[in-house]
Peer 1: 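One structure follows; several queries about it will come next.
Order of appearance sets the numbers: ligands from 1, and atoms from 1 within every ligand.
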Amino acid sequence: MAPVIRFHNTLGGRVEEFVPLEPGKVKLYTCGPTVYDFPHIGNWRAYVFEDLLKRFLLYRGFAVSHVMNITDVDDKTIRGANASGVGLDEYTRPFIEAFQAERAKLNILPADHYPRATDPESIRGMAAIIRTLLDKGFAYRKDGSIYFAIDRFPAYGRLSKIDLEGRRPGIRGDADEYEKESVHDFALWKAPKEGEPSWETEIGPGRPGWHIECSAMSMRYFGPTFDIHCGGVDNIFPHHENEIAQSEAANGVTFVKYWLHAHHLVVDGEKMSKSKGNFYRLADVLARGYEPAEVRFLLLSTHYRKTLNFTDEALAQARTSRDRLRNFLFELRHIERDLPPNPAVAAAAETARAGFAAGLEDDLNISEALAALFELVRGVNALVSRGTVGRADARRVIGLLGEIDGGVLGCLTGEVPAKGKAEGEAEASGAADVLEAGLQALLDARQKARAARDFARADALRRELLEAGIVLEDTKDGVRWKRARPAGP
Ligand code: AMP
Ligand code: ZN
């Protein structure tokens with residue numbers, strides 16, 4: 001029997017079994033960047049969560065079709081372009097490029113499609129939905145703009161569970177973003193205005209409101225209904241509430257089966273955001289000596305429905321935890337003895353594999369999943385200390401971690417950076433850096449043990465050096481050493 005996967009569905013407000021519309025296939029839409037500025041670490045939290053979700057579904061054997069939109073026309077992009085005195089396209093280009101470059105650095109798998117709101121096909125799709133909404137009486141025209149009448153859609157508010165007492169039918173708002181307290185008819189299509197881009201369409205000239213963009217871009221690839229829609233919790237209202245209203249009113253069918261939302265990344269208790277000025281970009285964190293994979297590990301390792309407090313301690317903790325897994329892998333790679341298989345290693349590996357998957361099946365419980373891996377480290381290390389782990393067993397465990405990392409975590413492998421060097425450049429002995437006398441003595445003792453074929457002692461000494469931050473590498477020209485990491489941020 002296939003294991004059950006459960007996700008917290010914002011729509012039902014509870015954890016539900018995940019059953020895709022079509023067996024074995026998942027249609028996933030994630031709200032992409034509004035490219036009026038560079039992405040910050042808070043944005044990356046949402047995108048890394050979505051990557052974990054997608055990678056886990058792939059790992060579980062689903063064929064995932066993933067669409068992420070690029071919001072390249074809305075109130076904020078227009079404001080930014082006007083303030084800079086350039087066209088929308090020129091203004092948004094560097095932000096789109098930065099988004100893609102940072103996405104790759106954080107090892108986030110690319111989406112299958114990145115439609116832009118300004119693509120002619122997107123605009124046509126938006127106009128077609130709005131045409132249907134006008135025809136069905138869910139939308140009305142006022143002063144050249146077109147609004148969605150929320151009181152004509154009885155399910156309005158189901159996702160965000162807003163208090164409809166405060167509902168103000170007939171009151172209109174043009175802004176893309178507004179507070180829950182001012183529930184009102186929202187703009188689907190905005191009348192042409194001096195200083196704003198405008199498109200000629202079947203519903204007349206103008207430009208889209210933000211919310212209609214995602215309805216049109218998801219429908220373009222998935223049709224009227226798809227499996228999973230994600231974003232940060234700030235997207236629940238009004239953005240996703242409005243997407244549901246427009247899409248379901250137009251198509252008469254359920255828009256999305258599962259809504260998954262990442263909670264915020266906060267700084268000193270406040271949501272990291274451009275408007276609050278409390279944001280860090282990925283580059284700011286890398287400049288402090290962290291690797292992209294360490295940032296990915298941090299963003300990944302807090303459950304997506306918990307607030308992530310972005311602090312120095314959290315970064316340092318992520319580094320320590322990731323190092324533990326990496327050092328374990330490194331050590332396994334250097335086990336040289338051929339020993340008969342130890343059934344305890346196979347058992348520990350299988351327990352870890354099952355525990356990792358079971359954690360993620362349970363609403364992406366990453367803490368549980370990682371705990372299964374740390375338990376593997378503890379158990380296998382104990383066996384290594386007893387000298388009962390040979391090369392074949394070590395390879396088995398490396399294989400398992402490789403599968404888990406390559407498939408899901410995406411942040412364990414890669415070069416260990418050397419002291420004071422740029423990413424990926426390893427520094428070997430013989431360079432300016434000199435090993436401290438005590439450590440050199442350990443290294444000498446390890447070489448002696450190795451020459452005497454006392455591999456258990458050689459392995460123990462290697463471990464001791466590793467704990468002191470010295471990584472050994474046996475090459476055909478003899479042993480080389482490097483520092484496990486730069487001196488610190
Ligand atoms: P935006 O570019 O503002 O449309 O946001 C892109 C994505 O980042 C959306 O899914 C937001 O919900 C998400 N997001 C923005 N700020 C944060 C934050 N501080 N923590 C987590 N997610 C965020
Ligand atoms: Zn969206």
Side-chain angles (χ1 to χ4, degrees), residues 10 28-53 66-77 79-80 92 95-96 98-100 102-103 106 108 111 114-117 122 125-126 159-160 176-177 186 208-222 226 228-247 255-256 259-282 295 298-300 302-310 314:
T10 308
L28 169 70
Y29 184 92
T30 57
C31 281
T34 303
V35 284
Y36 73 106
D37 209 334
F38 293 107
H40 56 68
I41 292 289
N43 300 130
W44 289 118
R45 194 230 174 156
Y47 304 141
V48 166
F49 142 67
E50 290 155 2
D51 190 53
L52 175 68
L53 167 69
H66 177 202
V67 175
M68 176 182 259
N69 68 293
I70 306 279
T71 298
D72 61 350
V73 56
D74 80 318
D75 294 351
K76 292 191 274 196
T77 42
R79 210 179 300 134
T92 58
F95 304 130
I96 297 174
F99 167 78
Q100 289 294 6
E102 293 177 28
R103 177 195 61 70
L106 287 170
I108 294 174
Y114 288 103
R116 292 169 60 158
S122 300
M126 297 173 213
L159 182 77
S160 55
D176 286 334
E177 290 180 272
F186 59 91
W210 172 33
H211 317 297
I212 195 67
E213 298 180 4
C214 286
S215 289
M217 287 187 269
S218 59
M219 207 190 297
R220 173 173 164 192
Y221 295 97
F222 296 151
F226 58 94
I228 306 181
H229 194 315
C230 297
V233 286
D234 56 319
N235 285 157
I236 297 174
F237 187 88
H239 187 46
H240 291 165
E241 193 69 64
N242 292 353
E243 280 186 45
I244 294 176
Q246 312 154 151
S247 305
F255 176 43
V256 170
W259 289 88
L260 273 64
H261 291 102
H263 283 238
H264 283 146
L265 179 145
V266 302
V267 182
D268 299 328
E270 280 220 80
K271 177 193 172 196
M272 182 180 284
S273 70
K274 289 278 141 145
S275 54
K276 296 206 175 80
N278 62 348
F279 62 90
Y280 297 98
R281 288 192 55 195
L282 177 61
V295 179
L298 170 64
L299 299 181
L300 191 90
T302 298
H303 187 250
Y304 78 98
R305 287 197 295 117
K306 285 202 177 112
T307 299
L308 198 169
N309 206 357
F310 188 72

Peer 1: Identify, for atom 6 (C) of ligand 1, the protein heavy atom at the shortest distance, and state residue, atom and that distance.
Peer 2: Tyr47 OH, 3.0 Å

Peer 1: Consider every N or O of Met272 and every N or O of ligand 1, then say whether any pair is closer than 3.5 Å.
Peer 2: yes

Peer 1: Measure the distances from the heavy atoms of Phe279 to every atom of ligand 1 and state whether one is below 4.0 angstrom.
Peer 2: no

Peer 1: Using distance alone, decide if ligand 1 has a nitrogen or oxygen within less than 3.5 Å of any nitrogen or oxygen in His263.
Peer 2: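 No, since none of the N or O atoms of His263 sits under 3.5 Å from an N or O of ligand 1.
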
Peer 1: Check the side chains of Glu243 and His229 for a donor-acceptor pair under 3.5 angstrom, ignoring hydrogens and angles.
Peer 2: yes

Peer 1: So, for Tyr29 and Phe222, is the gap between ring centers shorter than 6.0 Å?
Peer 2: no

Peer 1: Please report whether ligand 1 has a polar contact with Arg45, defined as an N or O pair separated by less than 3.5 Å (distance criterion only).
Peer 2: no

Peer 1: Taking side-chain contact (heavy atoms from CB on, under 4.5 Å) as the criterion, tell me which of Glu270, His263, His264 meets it with Val266.
Peer 2: His264

Peer 1: With respect to atom 10 (O) of ligand 1, which of Asn69, Asn235, Thr34, Thr30 exhibits the smallest heavy-atom separation?
Peer 2: Asn235

Peer 1: Which class fits the ring pair Phe186 and His211: parallel under 30°, tilted 30 to 60°, perpendicular over 60°?
Peer 2: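 Perpendicular, since the angle between the ring planes exceeds 60°.
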
Peer 1: So, 2.8 Å as the limit: is an N/O/S atom of His240 located closer than that to the Zn ion (ligand 2)?
Peer 2: no

Peer 1: Give a yes/no on ligand 1: does His261 have at least one heavy atom closer than 4.0 angstrom to it?
Peer 2: no

Peer 1: So is His40 in contact with ligand 1, going by heavy-atom distances below 4.0 Å?
Peer 2: yes

Peer 1: Return the closest protein heavy atom for atom 16 (N) of ligand 1 as residue, atom name and distance.
Peer 2: Lys271 CE, 3.4 Å

Peer 1: Parallel under 30°, tilted from 30 to 60°, perpendicular over 60°: which one fits the rings of Phe255 and Trp259?
Peer 2: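 It falls in the tilted class, 30° to 60°.
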
Peer 1: Using 30° and 60° as the class limits, which term best fits the ring planes of Trp44 and Phe99: parallel, tilted or perpendicular?
Peer 2: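 Rings of Trp44 and Phe99: parallel, under 30°.
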
Peer 1: Which of the numbered atoms in ligand 1 are under 4.0 angstrom from any heavy atom belonging to Gly231?
Peer 2: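 Checking each atom against Gly231, I get 10 (O).
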
Peer 1: So, applying side chain to side chain donor-acceptor pair (under 3.5 Å) with Ser160, which one of His240, Glu241, His239 is it?
Peer 2: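 Exactly one candidate clears the test, Glu241.
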
Peer 1: With respect to the Zn ion (ligand 2), please indicate if Cys214 possesses an N, O or S atom at a distance under 2.8 Å.
Peer 2: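 Here the distance criterion (N, O or S atom, under 2.8 Å) is met by Cys214, so yes.
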
Peer 1: Could you tell me the residue and atom name of the protein heavy atom closest to atom 20 (N) of ligand 1, and the distance to it rounded to 0.1 Å?
Peer 2: Leu265 N, 2.8 Å

Peer 1: Examine the side chains of Asn309 and Thr307 and answer whether a donor and an acceptor come within less than 3.5 Å of each other.
Peer 2: no

Peer 1: Are side-chain heavy atoms of Gln100 and Tyr114 found at a separation under 4.5 Å?
Peer 2: yes

Peer 1: In terms of residue, atom name and distance, what is the protein heavy atom nearest to atom 11 (C) of ligand 1?
Peer 2: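 For this ligand atom, the closest protein heavy atom is Asp234 OD1, 3.5 Å.
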
Peer 1: Which atom pair, heavy atoms only, marks the closest approach of Phe38 to Ala98?
Peer 2: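 So the minimum-distance heavy-atom pair works out to CD2-CB, 3.5 Å.
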
Peer 1: If you have a sec, work out which protein heavy atom is nearest atom 14 (N) of ligand 1 and how many Å separate them, to one decimal?
Peer 2: Asn43 ND2, 3.7 Å

Peer 1: Compare Gly42, Pro33, Ser273 and give the one whose heavy atom is closest to atom 17 (C) of ligand 1.
Peer 2: Gly42

